[in-house]
Trainee: 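What follows is a single structure, and I will ask about it in a moment.
Throughout, a chain's letter reflects where its sequence line sits, starting with A, and its residues are numbered from 1.
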Protein chains: 2
Amino acid sequence: MTNATSFIERLEGAGLRVTDQRRAVAALIAGHPGHFTEAELEREVQRSGSRIGRATLFRALELFAQLGVVERLDLPSGEHAYVRCEPSHHHHVICLRCGRTVEVEGCGMPELIREVAARTGFQVERHRLELYGICPTCREEIA
Amino acid sequence: MTNATSFIERLEGAGLRVTDQRRAVAALIAGHPGHFTEAELEREVQRSGSRIGRATLFRALELFAQLGVVERLDLPSGEHAYVRCEPSHHHHVICLRCGRTVEVEGCGMPELIREVAARTGFQVERHRLELYGICPTCREEIA
DNA sequence: GGGCTTGCTGAGACTGAGTATCATCATCGC
DNA sequence: GCGATGATGATACTCAGTCTCAGCAAGCCC
């Protein structure tokens, strides 16, 4: 489980400073079950009583993204969002109804990439795969 | 091959008006080998001597995207771009060096989606897959 | 061809995400 | 505790994308 402490450890491991602001952002992200936008995070920061500048929030998100503990998503609406995640290769399945996000590892992409490479002559270096659907909880609620 | 004429046919088929502006945008898109941003298209419109408002350009892109002859991409940089494409299900392989875009059909995703659904309990409704790499031409140039 | 309806256009104001700047502050190694 | 330097935040700014609304023109009907 990714928690605020592991965020801090990552900061220390990279030789970066551990500030109150980063601690607060880490705690908020760690407490988030699904994805969130920068605007949402900003509101939560205010609600929690912390006083963190917008620029700092953006910087913290970018930083955590570089450290691999947070990933940036592009929602179908075109909005940018973030999810906390394990720093290993994986993909996200995002619930279109409640926004809950689940990580899927071992995605079976390597064969697909080999096939695409063979067919197009491209040397495929990276890919982005996002799956959207309805989570089990929401499916029950709808039914 | 997708050309400007097929864009127009799609408009007519959908009962939409065929205007000079839409014709001009269709011609520019049809002449584009790779992806392009709205800003790039805007510059080309000006260079070609047409006089099309920005709002109209956005509307035309959105329209063609709805008609399935253009697709919206999210580049790794976070920028939004568009590519012209066939209106069937497929994915794009994008060259990180020259921007050329190639469509890949029959992507082998169904099995992957079934597996993810089985593992997470999600009912997967749609997905977004984009592959980034180096195209054959660029590979030769680098070598 | 002429008139009419209605969808389309464009200028410009607006919004909101994200960035740049820079003086001030706080962390952390010594 | 001290100092170097990385981090912060207020503010101004840029730029993509949207909204509005008066005027225009495509295409239908006669």
Trainee: Report each atom pair, protein N/O against N/O of nucleotides 13-18 of chain C, whose distance is under 3.5 angstrom.
Mentor:
unit_1	atom_1	unit_2	atom_2	d
C/dG18	OP1	A/H80	ND1	2.8
C/dG18	N7	A/R54	NH2	2.6
C/dG18	O6	A/R54	NH2	3.2

Trainee: Between the main-chain N or O of B/R17 and the side-chain N or O of B/R22, is there a donor-acceptor pair closer than 3.5 Å?
Mentor: yes
Trainee: Both A/A60 and B/L16 contact DNA chain D. Taking the nearest nucleotide for each, which residue is further toward the 5' end?
Mentor: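 Its nearest nucleotide lies further toward 5', so the answer is A/A60.
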Trainee: From C-beta outward on A/T19, which listed nucleotide comes closest to its side chain: D/dA10, C/dT9, D/dA7?
Mentor: D/dA7
Trainee: Where each residue is assigned the nucleotide of DNA chain D containing its nearest heavy atom, which of B/V18 and B/E62 is assigned the position nearer the 5′ end?
Mentor: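 Residue closer to the 5' terminus by nearest nucleotide: B/E62.
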Trainee: Whole angstroms only, please: what is the CD-P distance between A/E79 and D/dT18?
Mentor: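 The answer, rounded to whole Å, is 12 Å.
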Trainee: Between P on C/dC8 and CD on B/Q66, what's the gap in Å once rounded to a whole number?
Mentor: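 Checked: the CD to P distance equals 11 Å.
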Trainee: Hydrogens and angles aside, do B/H91 and B/H127 bring a side-chain donor and acceptor to less than 3.5 Å of each other?
Mentor: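 Result is yes, a qualifying pair exists.
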Trainee: Determine whether a donor-acceptor pair (one donor, one acceptor, N or O, separation below 3.5 Å) exists between the side chain of B/R59 and the base of C/dG7.
Mentor: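 No, no donor-acceptor pair under 3.5 Å.
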Trainee: Can you tell me the distance, in whole Å, between the CD1 atom of B/I52 and the P atom of D/dC24?
Mentor: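 About 18 Å, once rounded to whole Å.
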Trainee: Between the side chain of A/R126 and the main-chain N/O of B/Y132, is any donor-acceptor distance below 3.5 Å?
Mentor: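 Judged by distance alone, no pair lies under 3.5 Å.
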Trainee: When you measure only distances, ignoring hydrogens and angles, does the side chain of A/R17 come within 3.5 Å of the base of D/dG6 through a donor and an acceptor?
Mentor: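 Yes, the side chain and the base share a sub-3.5 Å donor-acceptor pair.
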Trainee: Looking only at side-chain N and O atoms, does A/Q21 come under 4.0 Å of OP1 or OP2 in D/dG9?
Mentor: yes
Trainee: Just the rounded figure in Å: distance from P of D/dA16 to CG of B/L41.
Mentor: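 Rounding to the nearest Å, CG of B/L41 and P of D/dA16 are 13 Å apart.
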Trainee: Are the side chain of A/R100 and the backbone of A/C138 linked by a donor-acceptor contact shorter than 3.5 Å?
Mentor: no
Trainee: Whole Å only: how far is the CZ atom of A/R23 from the C1' atom of C/dC28?
Mentor: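 Those two atoms, CZ and C1', are 12 Å apart.
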Trainee: Does the side chain of A/E40 pick up a donor-acceptor pair with the side chain of A/H32 at under 3.5 Å?
Mentor: no
Trainee: Is it true that B/H80 and B/H35 have ring centroids separated by less than 6.0 Å?
Mentor: no
Trainee: On the nucleotide C/dT9, are OP1 or OP2 found under 4.0 Å from the side-chain N or O atoms that B/R22 carries?
Mentor: yes
Trainee: Considering all heavy atoms of both residues, which atom of B/A26 and which atom of B/I8 are nearest to each other, and what is their separation?
Mentor: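 Looking at all heavy atoms of both residues, the shortest contact is CB-CD1, 4.3 Å.
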Trainee: Using atom CG of B/D74 as one end and atom P of D/dG17 as the other, report the distance to the nearest whole Å.
Mentor: 10 Å
Trainee: Starting at atom CG of A/L57, determine the distance to atom P of D/dT11, rounded to an integer number of angstrom.
Mentor: 17 Å
Trainee: Could you state the CZ-C1' distance from B/R51 to C/dG10, rounded to the nearest angstrom?
Mentor: 11 Å
